[in-house]
Amino acid sequence: MALSWNEIKDRAVKFSKEWENDFNEDAEAKSFMDDFFNVFGVPRRRVAGFETRVNKDGGKQGFIDLLWKGTILIEFKSKGKDLDKAHKQATDYFPGLKDNELPKYILVCDFARFRLYDLEETTAIEFELKDFVNNVQLFGFIAGYQKKIYNEQDPANIKAAELMGKLHDRLEEIGYEGHPLEVYLVRLLFCLFAEDTTIFNKQQFQDYIEQRTTEDGSDLAPKLQELFQVLNTSADKRFKNLDEQLSEFPYVNGKLFEEILPMASFDSKMRQALLDCCYLDWSKISPAIFGSMFQSVMNPKERRNLGAHYTSEKNILKLIKPLFLDDLWAEFESVKSNKNKLIEFHKKLGSLTFLDPACGCGNFLIITYRELRNLELEVLKLLIYKHSSVVDGMEFHVGGMIRIDVDQFFGIEYEEFPAKIAEVAMWLIDHQMNMVVSSEFGKYYARLPLKKAATIVHGNALQIEWETIINKNHLSYILGNPPFIGKQLQSESQKADMEKVFENIKSFGTLDYVCAWYIKAAQIIQNTRIKVAFVSTNSIVQGEQVGVLWSILFNKYKIKIHFAHRTFSWSNEAKGNAGVHVIIVGFANYDSNNKRIFEYENIKGEAHEFKASNINSYLVEGKDFALLSRSKPICNVPEMLYGNKIVDGGFYLFTDQEKDDFINKEPLSAKFFKPILSGDEFLNGRNRWILYLVDIDPSEIKKLPLIKERIESVAKYRAASTKLQTRETSKTPTLFAEPRQPKSNFLLIPRTSSENRKYLPLGFYSKDFIVNDSCTALPNATLYHFGIMSSQMHIAWVKYTCGRLESRFRYSNTIVYNNYPWPENPNEKQIKIIEKLAQKVLDIRAEFSDSSLADLYDPFTMPPTLVKAHAELDKAVDLTYRPQPFTNEANRVAYLFDLYEKYTADLFTKEKVKKKGKGK
């Protein structure tokens, strides 16, 4: 009686393991082949002879390494030798064989690689010794199984997702949609994966479709329905007269096939699309990657950039390594030589629990599971090989030694389809890891039927109480990549979510959607040892959001940041994927003496890590605090103004040519034209003009019909606005919607500037230049103010405290400028030196009158003389802060934060005294 396929797989794993470990150059082909045939329960001596003598062409004699007449010829070579030559040598023996002795197969092998030629089908398949279990059914003929054709497969990747997408679209077109369609596709995904990873027999699902359904696809749906029922039925409860091919499928359970779905409908093209999916190799796919691809397939808008939405494993590891994995590996290294401690550590691994409250297709949970199983494998190696009482020849059940299982993992996902994918993907990664264990210990192990599952809840994580999913006293880690969504892009339902989470908290309307996950996590981890890490947009540690979010987290929930990745580009390998600028924050409700900051000199490059005594809300070393928005500066410096908000629909704006044409038609209008400065004009040296009608007399308007026409157009434009405040300004169309024009000469600061610039470009202008709201203005500024704000000290402060537009700096008066700690007590000599060096910077800039400020401050085109002038200015500015040099940017920022605390403590004291005086 032939061995079952599960018995053969078990033996195949053992064979690979033993020969992988015991291989040496003197290995005997005879012993190797004896063990090989034993995998199939067939004594080699009974069917095949070694060194069969045969006459070759030309009368020469040769010796075939192994010949099973009429079935297979096997030729061996030393490890690493050319298998093509081995194949030619094998075919050279054919003339000396009788017709009935000619083989149907040729196998060439170098002990590490197998290449099987099917001479009837003219195919060849090559694989390595370690992959023998995945290809063992190619040799089913040895065990007496009926021959099957196993075609070489392409890796399942984006092509697979696209094929599934076509199937999805066609099913949706015929009216099979919604929840049934999503569950149906997830079931098909499981079957495709199962037949390539030993859950099913190889090509079992494909054979069932090809052999049991008609080409027109008319009976495919009922046949699949029948299969799903079989997969959900244990062997002892199946019908006694069940189709033999169906009865060979294993009992899967896990509730994956439990729900009774409406009957679908297929045609020939849909049947072929499913078979095309079968022809791909699903064993090499990463469940973490494919889940997101598969989700994108279901959205035709996203399908054009298929693959852009999955999170790369490299980026996931940036979060999970400092959150828990690094610590676990360090603990493993410390206990691995002590059997009892190692056993306790192994128990600990089996007790850890993980929650991803925005899990999508389960990427973070999947990679976390895989990495834990890899660590457990190292534990098992030591327990079995070094510390265990298991000896050669003694049987042991490796499955019984595995402690980590999918039921340690929990997730919440807003959409049902990715939630279903996540649950199945956890089973898939579990099976892949079981195959790794099988290969290591030479024992085939698969967890079937499925008895445990990850708990993936379909629901709104901001409306659900997380403790209804897992008790916080049993939870170890919270992790994930919640949706970012800035305040302006939030839907009404998302705003309602924010209101629920931030109940009784002011100013939450400025926050990104992701901030709500921080609050929910901070609430559940109170008085626990739970650690949390989230990927987030970098905007939550910049600008005005910091004061709102982190004041709550630090003051109300007593959060301590344990590690942080500063801004980097969160992207993957998908073509055309631009990436998002993000940070990672790891935190808990308790302190740690092992705080780590990961800094990126290049946001697309690698991080360098350094230790910190404390990490503040700007993800730099410093005390826990957050800058608050201020209406006035904390130091004795001029107040900064936002530029004018015009709101004119473009009717008051002109290029040089448009202005000249307008004045030619209406000469008396010339005196109302003034140059306007936006960030673009200032940085790129362009001219633009605006009709400045603040002081225009009504009688003048009547004499200027073209200006009157423009005024009327602006009034109509404002009156049509959806904003009440803008509609009100339609009553005064000659004024800017929000006028803030300096009354004196001023220093201009663009509100948006490239993060690549080493310095912030600034410039002096007369009051006749109109300032647009893309800039800020500092009236009555001196060369001293210009010098300090043009320095490395100031740009370091800007970089860490400003908001961002994508990755560009977003300068503000209320957060950046008003909170900036200027030098404490500069003497007259220091001020004069800075003024002199500031003027030198301006003079050198003037020498390059044909170059824009964007060119002058581009790090690749900045003139050497300007670089030198700024370096001299930097040195002078540094000396006004302290005599010791600043070694790096982080050093500067830490000093500035300390100085800020000193200044604001003084302010707080003064305010208390002032209030007491008023009280009296």
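Numbering of residues begins at 1 and proceeds along the displayed sequence. Remember, it's a predicted structure, so these values are computed and weren't measured experimentally.
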Between Asn135 and Asp131, is the side-chain hydrogen bond (donor to acceptor under 3.5 Å, both in side chains) condition met? List the steps.
CA-CA 7 Å; Asn135 294 275; Asp131 296 321; 5.7 Å; no
One pair to check against salt bridge (charged side-chain N to carboxylate O under 4.0 Å, His left out): Asp405 and Arg447. What are the steps and the verdict?
CA-CA 10 Å; Asp405 209 336; Arg447 268 200 260 247; 3.3 Å; yes
Please walk me through it: do Asp118 and Thr123 pass side-chain hydrogen bond (donor to acceptor under 3.5 Å, both in side chains)?
CA-CA 5 Å; Asp118 186 327; Thr123 60; 4.6 Å; no
Please step through side chain to side chain contact (heavy atoms under 4.5 Å, CB included) for the pair Phe502 and Ile519, ending with a clear verdict.
CA-CA 8 Å; Phe502 288 92; Ile519 298 299; 3.4 Å; yes
Apply side-chain hydrogen bond (donor to acceptor under 3.5 Å, both in side chains) to residues Arg238 and Ser247 and explain how you reach the verdict.
CA-CA 8 Å; Arg238 293 178 179 179; Ser247 67; over 6 Å; no
Under the salt bridge (charged side-chain N to carboxylate O under 4.0 Å, His left out) criterion, do Arg373 and Asp430 qualify, and how do the steps go?
CA-CA 9 Å; Arg373 287 290 302 270; Asp430 176 62; 3.0 Å; yes
Where do Phe410 and Val457 land on the side chain to side chain contact (heavy atoms under 4.5 Å, CB included) test, with the steps shown first?
CA-CA 8 Å; Phe410 301 79; Val457 175; over 6 Å; no
Using side chain to side chain contact (heavy atoms under 4.5 Å, CB included), reason through Val406 and Leu450 one step at a time and then give a plain yes or no.
CA-CA 10 Å; Val406 293; Leu450 302 172; over 6 Å; no
After noting the C-alpha distance and the side-chain angles of Ile470 and Thr455, does the key distance pass the side chain to side chain contact (heavy atoms under 4.5 Å, CB included) rule?
CA-CA 9 Å; Ile470 177 171; Thr455 301; over 6 Å; no
With salt bridge (charged side-chain N to carboxylate O under 4.0 Å, His left out) as the test, would you mind laying out the steps for Arg370 and Glu313 before giving the verdict?
CA-CA 11 Å; Arg370 185 195 69 193; Glu313 294 183 13; 2.7 Å; yes
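Side-chain contact between Cys277 and Leu167: absent, with no pair of heavy atoms (C-beta onward) separated by less than 4.5 Å. A 4.5 Å side-chain heavy-atom check between Tyr477 and Leu352 finds at least one atom pair inside the cut-off. No side-chain heavy atom of Asp276 sits less than 4.5 Å from a side-chain heavy atom of Lys166. Here the side chains of Phe417 and Val186 are in contact, with some heavy-atom distance below 4.5 Å. In this structure, Val585 and His565 have side chains that are not in contact, with every pair of non-hydrogen atoms separated by 4.5 Å or more. Counting heavy atoms from C-beta on, the side chains of Pro222 and Phe266 never come closer than 4.5 Å. Looking only at side-chain heavy atoms (C-beta outward), Gln523 and Trp466 stay at 4.5 Å or farther from each other. Taking 4.5 Å as the limit, every side-chain heavy atom of Tyr117 sits out of range of all side-chain heavy atoms of Ile125.
Classification of the Trp517-Tyr513 ring pair by plane angle, with boundaries at 30° and 60°, yields perpendicular. Using the six-membered ring where Trp is involved, Phe127 and Phe114 have ring planes that are parallel, under 30° apart on the 30 and 60° scheme. Using cut-offs of 30° and 60° on the angle between ring planes, the pair Trp427 and Phe190 is perpendicular. Between Phe409 and Tyr369, the ring-plane angle classifies as perpendicular under the 30° and 60° cut-offs.
The two residues Thr198 and Met435 have their closest heavy-atom pair at OG1-SD, 3.2 Å. Shown here for Ala358 and Pro482, the closest heavy-atom pair between the two residues is CB-CA, 3.7 Å. Closest of all the heavy-atom pairs between Leu261 and Val183 is CD1-CG1, 3.9 Å. Looking at every heavy atom in both residues, Leu280 comes nearest to Asp196 through O-OD2, 3.1 Å. Taking both residues in full, the closest heavy atoms of Ala264 and Ala221 are given as O-CB, 3.1 Å, listed atom of the first, atom of the second, then distance. Heavy-atom minimum distance, Ser536 versus Val514: OG-CG2, 4.0 Å.
To the nearest 0.5 angstrom, Thr197 atom OG1 is 7.5 Å from Leu428 atom CG. We find the OG-NE2 distance between Ser569 and His581 to be 5.0 Å, quoted to the nearest 0.5 Å. For the atom pair OG of Ser268 and CG of Leu220, the computed distance is 11.0 Å after rounding to the nearest 0.5 Å. Remark: Ile320 CD1 to Leu372 CG distance equals 7.5 Å, nearest 0.5 Å. Atoms CE and CG, from Met270 and Asp216 in turn, are 12.5 Å apart once rounded to the nearest 0.5 Å. Atom-to-atom distance recorded for Ile421:CD1 and Cys361:SG is 4.0 Å, nearest 0.5 angstrom.
Using modelled atom types and a 3.5 Å distance limit, the side chains of Gln463 and Asp497 yield a donor-acceptor pair. Looking at His179 and Glu259, their side chains do bring a donor and an acceptor atom within 3.5 Å of each other. Gln203 and Gln137 share no donor-acceptor pair across their side chains, judged by distance under 3.5 Å alone. For the residue pair Asp512 and Ser539, a side-chain donor N or O sits within less than 3.5 Å of a side-chain acceptor on the partner.
A salt bridge is defined here as a Lys NZ or Arg NE, NH1 or NH2 lying under 4.0 Å from an Asp or Glu carboxylate O, and Glu413 with Lys420 fails to meet this definition. Remark: Arg170 engages Asp267 in a salt bridge, criterion side-chain N to carboxylate O under 4.0 Å.
The side-chain tip of Lys9 does not point at the ring of Tyr445 from less than 6.0 angstrom away and within 45° of straight on. Arg187 forms a cation-pi arrangement with Phe228, by the criterion of a distance under 6.0 Å to the ring centre and an angle within 45° of the ring axis.
The environment of CD1 in Ile260 is sparse: at most 12 heavy-atom neighbours from other residues, nucleotides or ligands sit within 6.0 Å. Within 6.0 Å of atom CD in Gln494, more than 12 heavy atoms from other residues, nucleotides or ligands are found, so the atom counts as buried in its surroundings. Other residues, nucleotides and ligands place no more than 12 heavy atoms under 6.0 Å from the CD atom of Glu244.
A donor-acceptor contact shorter than 3.5 Å is absent between the side chain of Tyr176 and the backbone of Tyr184. Checked by atom type and distance alone, the side chain of Thr468 pairs as donor or acceptor with a backbone atom of Glu465 at under 3.5 Å. Listed for the Arg271 side chain is a donor-acceptor partner under 3.5 Å among the backbone atoms of Thr214.
When each of Tyr518, Phe484, Phe364 is paired with Phe534, the ring-ring contact (aromatic ring centres under 6.0 Å, His included) condition holds for Tyr518 and for no other.
In summary, the aromatic rings of Phe200 and Phe205 are positioned with their centroids too far apart to meet the 6.0 Å limit. Note: Phe139 and Tyr105 fail the aromatic proximity criterion, with ring centroids not under 6.0 Å apart.
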